[in-house]
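Notes for the one structure printed next.
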Protein chains: 2
Amino acid sequence: MINIQTTGRGRPGTQARGEDTRRRILEKALDLFAAHGYEGASTRQIAEGAGVNLPAIQYYFGNKEGLYRAIIEDIVADTERHMSAVLPRVRAALDDPEATPVELTELLCQTLEAFVTVVTSGPQVESRRLIFARAEVEETPGLDRMHENGMRQVFNPCLALFARIHGKSEGDPEMTMRTMALIGQVVIFCNNHKRPILKAVGLDGENVQLMKQIVREQTLAICRAVAP
Amino acid sequence: MINIQTTGRGRPGTQARGEDTRRRILEKALDLFAAHGYEGASTRQIAEGAGVNLPAIQYYFGNKEGLYRAIIEDIVADTERHMSAVLPRVRAALDDPEATPVELTELLCQTLEAFVTVVTSGPQVESRRLIFARAEVEETPGLDRMHENGMRQVFNPCLALFARIHGKSEGDPEMTMRTMALIGQVVIFCNNHKRPILKAVGLDGENVQLMKQIVREQTLAICRAVAP
DNA sequence: GATACACTGTGTCAATCGATAGATATTGTC
DNA sequence: GACAATATCTATCGATTGACACAGTGTATC
């Protein structure tokens with residue numbers, strides 16, 4: 001019998017022993033999926049790296065796909081946690097017909113900064129960044145979920161703000177492309193941290209601040225050119 | 001005996017019959033590598049799709065790795081062809097100590113526009129775009145070559161121009177990050193064209209023009225904020 | 001028309017993949 | 001201590017992978 005959801009934690013008559021095992025598998029799987037991709041990372045590698053037995057993956061996650069989906073859910077939850085501070089204020093501003101371009105621009109900057117926080121903080125950030133980047137090119141289980149998350153929590157809020165600042169419709173393809181270019185400023189930092197460029201720079205605490213500053217400055221410059 | 005480089009085309013006493021076969025393999029391999037990644041695309045798929053026999057890949061390219069490297073060389077050559085119109089003028093301007101910020105900014109815009117041309121024109125663009133994007137996350141043979149190409153033909157020229165405009169050193173990590181953000185505007189359009197966002201927009205002739213316009217406008221806005 | 005080279009086909013190899021069966025071990029409840 | 005649920009182990013399955021050996025076919029040159 002497969003276990004997947006019910007790890008038995010806290011349920012009477014059960015044990016929470018497997019919780020550690022489950023977490024170890026998830027952590028190692030995240031690193032290996034990030035490094036080698038969904039197909040490239042074998043369940044054997046994951047099991048060995050996590051110090052567990054091969055069938056443990058089937059036991060806890062049903063199959064390889066279930067394991068990957070579990071990782072995605074973790075990332076989605078993490079993103080929601082980081083964006084929850086800004087998004088309500090964005091919605092409020094969008095509902096307010098008297099919101100000024102300056103206010104909207106400031107919220108756009110804050111939304112992008114929150115997105116930077118998502119991809120630069122927390123445990124195993126580098127691996128989570130790579131999963132993010134891989135979602136742009138790779139065909140994996142749960143990809144829809146990953147994209148729905150990105151659209152809902154990052155892209156659509158930015159699009160709505162940006163369109164209002166431009167005084168255009170959200171449905172305008174031009175605004176979609178402009179928003180993509182805007183977000184591309186951040187997404188490009190999600191590539192493999194072992195690459196020469198990012199290795200030379202490094203995304204530690206100090207450079208993260210610089211990164212937020214750059215995104216803010218360049219976003220402000222772009223918005224000012226529209227509504228000075 | 002493996003053939004790889006010498007397809008015998010034009011050499012006396014040989015046949016050029018295999019040139020078609022070689023090209024068919026290259027085309028199908030590009031599509032499949034782009035769609036499923038280096039490990040994900042099997043040589044059997046490629047051979048079947050190209051309408052050739054499995055050992056034909058070994059015959060023409062030595063092995064799977066040789067086939068992939070051949071594709072990369074094609075992309076590199078293609079990039080060089082598209083950038084060759086701008087890069088000499090960029091070098092000339094960088095060598096000229098009296099080049100004005102306006103001139104440098106214009107050249108930066110043209111370099112980025114040429115990069116847009118690279119990723120939006122020619123046969124099998126969508127697949128080549130994906131290979132480009134995959135190079136950011138995937139570990140493949142010939143990756144060094146791919147990056148060296150990107151650095152030399154796109155990143156370094158932009159970095160040099162952008163640094164001069166800012167009046168800072170090329171070695172400044174801040175300038176590296178700013179240039180990454182700048183180029184990220186274009187790179188984000190290299191993701192999978194089957195994704196909902198890009199599918200809704202489409203990167204046909206009309207939108208390519210719009211894309212160039214957006215990149216130019218936003219780059220101008222960013223540069224003006226620095227040196228008004 | 002014989003010879004050499006270019007090219008294509010059949011068949012098969014060892015290695016690795018995800019997944020499963022089934023036995024055993026551990027832990028908590030009664 | 002009996003029992004059941006949870007957890008982990010050994011061993012193996014069928015499928016697919018890249019690569020190779022080797023025979024066969026076609027064409028140009030002398």
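Values below: every heavy atom of this structure, side chains too, minus hydrogens, waters and symmetry copies. Chain naming here is simple, since letters A, B, ... match the order of the sequence lines and numbering starts at 1 in each. Fair warning: this is a prediction, and the values are worked out from it, not measured in the lab.
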Worksheet item: Under the salt bridge (charged side-chain N to carboxylate O under 4.0 Å, His left out) test, which residues partner A:Glu170, sequence neighbours left out?
Response: none
Discussion item. Can you measure B:Ile46 atom CD1 to D:dG18 atom P for me and round it to whole angstrom units?
Written reply: 8 Å
Worksheet item: Looking at C:dT20, C:dC7, D:dA7, which one has an atom nearest to any side-chain atom of B:Tyr59?
Response: C:dC7
Show the atom names and distances, to 0.1 Å, of all donor-acceptor pairs under 3.5 Å that link a side chain in residues 200-209 of chain B to residues at least two apart or in another chain.
residue	atom	partner	partner atom	Å
B:Asp204	OD1	B:Asn207	N	3.4
B:Asn207	ND2	B:Val201	O	2.8
B:Asn207	ND2	B:Gly202	O	2.9

Practice prompt. May I ask you to verify if any side-chain N or O of A:Gln58 is less than 4.0 angstrom from the OP1 or OP2 atom of C:dT20?
Written response: no
Mind listing the side-chain donor-acceptor pairs of residues 33-53 of chain B below 3.5 Å, one per line with the distance, residues two or more places apart or on another chain?
residue	atom	partner	partner atom	Å
B:Tyr38	OH	B:Glu65	N	3.3
B:Ser42	OG	B:Gln45	N	3.1
B:Gln45	OE1	B:Ser42	N	3.3

Item to complete: Quickly work out the A:Leu54 CG to D:dC13 C1' distance and round it to whole Å.
Response: 13 Å
Discussion item. Distance check needed: C:dA6 C1' versus B:Arg22 CZ, whole Å only.
Written reply: 14 Å
Worksheet item: Thinking salt bridges, do B:Arg134 and A:Glu138 make one under a 4.0 Å N-O criterion?
Response: no
Practice prompt. Give a yes/no answer on whether the side chain of A:Asn53 brings an N or O atom under 4.0 Å of OP1 or OP2 in D:dC9.
Written response: yes
Item to complete: Send over the distance from A:Asp20 CG to D:dT8 C1', rounded to a whole Å.
Response: 15 Å
Worksheet item: Are OP1 or OP2 of D:dT6 and a side-chain N or O of A:Tyr60 less than 4.0 angstrom apart?
Response: no
Fill in: Nearest-nucleotide pick for A:Thr21, side chain only, options being D:dA19, D:dT8, C:dG18
D:dT8
For nucleotides 13-16 of chain C, give me every protein contact, N/O to N/O, under 3.5 Å, one pair per line with atom names.
none

Practice prompt. Check the distance between D:dG18's P and B:Phe61's CZ and give it to me in whole angstrom.
Written response: 15 Å
Item to complete: Report the distance from atom CD of B:Gln45 to atom C1' of D:dA19, rounded to the nearest whole Å.
Response: 17 Å
Worksheet entry | Sugar-phosphate, base or nothing in reach of A:Ile57, heavy atoms under 4.0 Å | nothing
Fill in: Qualifying residue, where the test is side-chain contact (heavy atoms from CB on, under 4.5 Å) with A:Phe162 and the options are A:Thr179, A:Thr176, A:Thr111, A:Thr219
A:Thr179
Discussion item. Listing request: all salt bridge (charged side-chain N to carboxylate O under 4.0 Å, His left out) pairs with a residue in residues 183-196 of chain B, at least two apart in sequence or in separate chains.
Written reply: A:Glu139-B:Arg195
Practice prompt. Give one of base, sugar-phosphate or nothing for A:Ala41, where a contact means two heavy atoms less than 4.0 Å apart.
Written response: sugar-phosphate
Worksheet item: A:His36 has an atom NE2; how far is it from atom P of C:dC17, in whole Å?
Response: 11 Å
Discussion item. Distance check needed: D:dG18 C1' versus B:Leu67 CG, whole Å only.
Written reply: 12 Å
Worksheet, complete the sentence: Picking from C:dA6, D:dT10, C:dA19, the nucleotide nearest the side-chain atoms of A:Lys64 would be C:dA19
Item to complete: Quick one: list whatever passes salt bridge (charged side-chain N to carboxylate O under 4.0 Å, His left out) with A:Arg81, sequence neighbours left out.
Response: A:Asp78
